[in-house]
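The next block holds one structure in the form of structure tokens; read it before the comments.
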Amino acid sequence: MKTLKRILWIASLFFVYLIVKEAVMLYSALLNINEYFAYSMIGVLAFVLIWFVILPMIRMFTFRAIFSPVDKQTQIQKSMERRNKHLRLLLTARDVELEPRSEPDEEYKYLLTKIQPSLNEIRKRYVSQLFISTSVSQNGFLDAVLILSASVNMIKDIFSTYNGRVSNRYLFVILRKVYLSVAIGGSEGVEYAVNELMTKLGSDTIKSIPFVNVVSASLTDGFVNAVLLTRVALITENYCKMIYIDRDRDLFPGTKTIIDTTKSIVKGSMDLFKRPEVFGEKKTNILKKWLNRDKEQI
């Protein structure tokens, strides 16, 4: 497992190189259009990074670090009581009706069920937005910016829901997951693989319609980015929920859980691409067949 992680981190450096290359190509294309237009786009990008990445990240560190998992069983009771008091006051201030619970562990589970709907809504909003935006985007650098912005703001909103965060140690672990998501999603390696697969295995009908090639690859790219963001969301939630961890692997959800959660979120957005009024009835019917084929393969 450690060897696989090392390989992944080494590969991520190559992915970052591809993202930088995409950024240079995008800047060159804008420069060919108009010099001032290219400078304006740099200014817009700088504003986006400051407003949607740097400021939310600063906001993260303003929350108190009271939701970090403890590594000693003797600390469980104290940590649970502190969390119960914090969550009860927080939910009461938000006008959430609460019932008394006699046992601390029962109360903690009960309070988590009250805060879970807000977390589900945050996850749904950011994952669906990222799926649509990166499906439309045709540039790896833009995908990387979108993934980074969505991840940072989503984590910030999760901490805001708890009105607290994990310790700097665990926050660094979460941000490493964000880095890998940006590197993998921004490199567009998945979209390239899908294009190659469709070229080799696609039927004559599919290959004769470039539109379907582009849309299918873009949807797959968007779905993978959504999966990566869902993984970050679930890991962040687990870090905030779990009081004691015996091993770090317990905090990471299974692949099936991540994919199923993502599918349930993006299903409505995926259905938009199957409507005849969007792309025409003939193209939509062909696209439906290809999308269904993709689902069976996944």
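One hydrophobic cluster, built from ILVMFWY side chains closer than 4.5 Å, holds both V48 and I58. Both F252 and V227 belong to a single network of hydrophobic side chains, linked directly or stepwise wherever heavy atoms of I, L, V, M, F, W or Y lie under 4.5 Å apart. V44 is connected to V53 through a chain of hydrophobic side-chain contacts under 4.5 Å among Ile, Leu, Val, Met, Phe, Trp and Tyr, so both are in one cluster. Taken together through direct or relayed side-chain contacts under 4.5 Å among Ile, Leu, Val, Met, Phe, Trp and Tyr, I50 and F52 form part of one hydrophobic cluster. Tracing side-chain contacts under 4.5 Å through hydrophobic residues (I, L, V, M, F, W, Y), one never reaches L89 starting from L112; they form parts of separate clusters.
A search for side-chain contact (heavy atoms from CB on, under 4.5 Å) contacts involving E81 returns Q77, not counting sequence neighbours. Applying the side-chain hydrogen bond (donor to acceptor under 3.5 Å, both in side chains) criterion to T262, with sequence neighbours excluded, gives T230. By the side-chain contact (heavy atoms from CB on, under 4.5 Å) test, K256 pairs with D260, sequence neighbours left out. Under the side-chain contact (heavy atoms from CB on, under 4.5 Å) criterion, K124 pairs with I265, sequence neighbours left out. Take R125 and apply the side-chain hydrogen bond (donor to acceptor under 3.5 Å, both in side chains) test, not counting sequence neighbours, and it matches D157.
In this structure, CD1 on I235 lies 12.0 Å from SG on C240, to the nearest 0.5 angstrom. To the nearest 0.5 Å, atom CD of residue E107 and atom OG of residue S102 are 9.0 Å apart. Between atom CG of residue D143 and atom CG of residue D221 there is a gap of 5.5 Å, rounded to the nearest 0.5 Å.
Tested against M60 for a side chain to side chain contact (heavy atoms under 4.5 Å, CB included), the candidates I158, L171, V166 yield a single pass: L171.
Looking at S79, its side chain never comes within 3.5 Å of a backbone N or O of I76 through a donor-acceptor pair. Remark: the backbone N or O of L148 is not paired with any side-chain donor or acceptor of S151 at under 3.5 angstrom. R59 contributes no side-chain N or O that, together with a main-chain N or O of N153, makes up a donor-acceptor pair within less than 3.5 Å. A donor-acceptor pair is defined here as one N or O able to donate and one able to accept, closer than 3.5 Å; no such pair exists between the side chain of N225 and the backbone of L130.
Taking the six-membered ring where tryptophan is involved, the planes of Y39 and Y36 are perpendicular, since the angle between them exceeds 60° and thus also 30°. Using cut-offs of 30° and 60° on the angle between ring planes, the pair F67 and H86 is perpendicular.
Applying the salt bridge (charged side-chain N to carboxylate O under 4.0 Å, His left out) test to every pair with at least one member in residues 23-37, sequence neighbours left out, gives no pairs at all.
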Please evaluate residues E99 and R101 with respect to the criterion salt bridge (charged side-chain N to carboxylate O under 4.0 Å, His left out), reporting the C-alpha separation (whole Å), side-chain torsions for both, the decisive distance (0.1 Å), and the verdict.
CA-CA 7 Å; E99 299 175 0; R101 289 291 187 274; 3.4 Å; yes

Could you give me the CA-CA distance, side-chain angles and deciding distance for L251 and Y239, then say whether side chain to side chain contact (heavy atoms under 4.5 Å, CB included) is met?
CA-CA 7 Å; L251 291 159; Y239 269 108; 3.1 Å; yes

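Shown here is R94, whose CZ atom has more than 12 heavy atoms of other residues, nucleotides or ligands within 6.0 Å.
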